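Below is one structure, written out as structure tokens, with a few remarks after it.
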Amino acid sequence: MALENLDALITAMEDVLQGQLDGEDFSRHVALAEGDVFPILKHYKMEKRVALTTVGGAITFPADMQEAISILVDGKVALLVPSNGPVYLRAGEIGFYQIGDQYVFVPEQAAPRAVVLTYFARPIPLSTVAPTNWLLTKFPAVYFHAALARGYRYRGGDALALEQAEKASLQEALMAVATDHKRVTQSGNSIISIGGAGFGD
């Protein structure tokens with residue numbers, strides 16, 4: 001199935017649903033489908049890295065952040081510490097804890113810290129301004145089945161049985177996403193420890 005953009009997706013939905021009902025908005029079905037799917041996605045295409053500087057000893061999450069992968073602070077791997085208890089760090093170690101939409105770093109210091117945050121970023125939602133994204137291009141079945149499930153739910157009645165069928169197809173499509181992520185991230189050369197100093201030491 002080749003669905004290159006939002007218009008193509010909506011056309012495919014119209015073909016299956018046999019047109020729109022009065023007042024029905026297929027773009028709304030797509031938006032709701034994104035709300036269903038985006039929070040559970042984890043794929044290498046979502047990986048993103050940003051360089052940030054602490055303000056008041058903390059950084060605020062990027063707006064598109066879904067899940068952190070790694071946090072480097074002043075070139076060191078930050079260690080998770082409790083937010084409301086004693087913190088035990090060795091000399092030179094840097095800790096962090098999460099509060100709201102921020103990471104706070106300890107020990108406190110007056111000077112700003114350099115933070116490199118790697119995280120899974122939510123895909124860009126489809127719209128007239130952004131008519132496509134990597135998820136639609138690479139895994140169109142995810143969008144198609146998730147949006148159809150929303151369409152059938154909107155119609156109610158006998159269509160609810162078809163909603164369940166679409167949800168089952170959506171689970172298969174999501175498995176393809178997970179399999180692709182595993183294939184790419186767990187292939188290639190193995191990491192080998194030689195027990196000596198690192199390169200450049």
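Worth knowing before you read on, the calculation uses all heavy atoms, side chains too, and leaves out hydrogens, waters and symmetry mates. Remember, predicted model here, so these are calculated numbers, not experimental data.
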Which other residues belong to the hydrophobic cluster containing [X], where Ile, Leu, Val, Met, Phe, Trp and Tyr are joined when side-chain heavy atoms lie under 4.5 Å apart, directly or via other members?
| X | result |
| --- | --- |
| Val77 | Leu72, Val116 |
| Leu89 | Leu79, Val81, Val87, Tyr97, Ile99, Val104, Val106 |
| Tyr103 | Val50, Leu52, Ile59, Phe61, Met65, Ile71, Val73, Leu80, Ile94, Phe96, Phe105, Val115, Leu117, Tyr119 |

Heavy-atom side-chain proximity of Lys45 to Asp180 below 4.5 angstrom: no
Listed partners of Phe120 passing ring-ring contact (aromatic ring centres under 6.0 Å, His included), at least two apart: none
Least distance between heavy atoms, Asp74 atom then Arg113 atom: OD2-NH1, 3.3 Å
Minimum heavy-atom distance Met13-Phe144, with the two atoms named: N-CE1, 4.2 Å
Set of residues satisfying salt bridge (charged side-chain N to carboxylate O under 4.0 Å, His left out) with respect to Arg122, sequence neighbours excluded: none
[X]-[Y] co-clustered via ILVMFWY side chain contacts under 4.5 Å:
| X | Y | result |
| --- | --- | --- |
| Leu21 | Val16 | no |
| Val142 | Tyr44 | no |
| Leu3 | Leu174 | yes |

With Thr137 via side chain to side chain donor-acceptor pair (under 3.5 Å) - residues at least two apart: Thr132
Set of residues satisfying side chain to side chain donor-acceptor pair (under 3.5 Å) with respect to Asp25, sequence neighbours excluded: Ser27
Of all pairs that satisfy salt bridge (Lys or Arg N to Asp or Glu O under 4.0 Å), the ones with a partner from residues 82-94, not counting sequence neighbours: Arg90-Glu93
Of all pairs that satisfy salt bridge (Lys or Arg N to Asp or Glu O under 4.0 Å), the ones with a partner from residues 46-70, not counting sequence neighbours: Lys42-Glu67, Lys48-Asp64
List the atom pairs, with distances to 0.1 Å, where a side-chain N or O of residues 31-41 and a protein N or O form a donor-acceptor pair under 3.5 Å, not counting sequence neighbours.
from	atom 1	to	atom 2	distance (Å)
Glu34	OE2	Leu126	N	2.8
Glu34	OE2	Tyr143	OH	2.6
Asp36	OD1	Arg150	NH2	2.9
Asp36	OD2	Arg150	NE	2.9
Asp36	OD2	Arg150	NH2	3.4

Side chain Glu166, main chain Ala168, donor-acceptor under 3.5 Å: no
Ring geometry between His43 and Trp134 (parallel below 30°, tilted from 30 to 60°, perpendicular above 60°): parallel
Listing, residues 155-164 side-chain donor-acceptor contacts under 3.5 Å, not counting sequence neighbours, or none:
from	atom 1	to	atom 2	distance (Å)
Arg155	NE	Glu24	OE2	3.4
Arg155	NH1	Leu17	O	3.0
Arg155	NH2	Gly19	O	2.6
Arg155	NH2	Glu24	OE1	2.8
Glu163	OE2	Arg153	NE	2.8
Glu163	OE2	Arg153	NH2	2.9
Glu163	OE2	Lys167	NZ	3.3

Atom pair CD (Glu14) and CD (Gln20), whose distance is rounded to the nearest 0.5 Å: 5.0 Å
Pairs meeting criterion side-chain hydrogen bond (donor to acceptor under 3.5 Å, both in side chains) with involvement of residues 2-11, two or more places apart: none
Lys182, NZ atom: more than 12 neighbouring heavy atoms under 6.0 Å: no
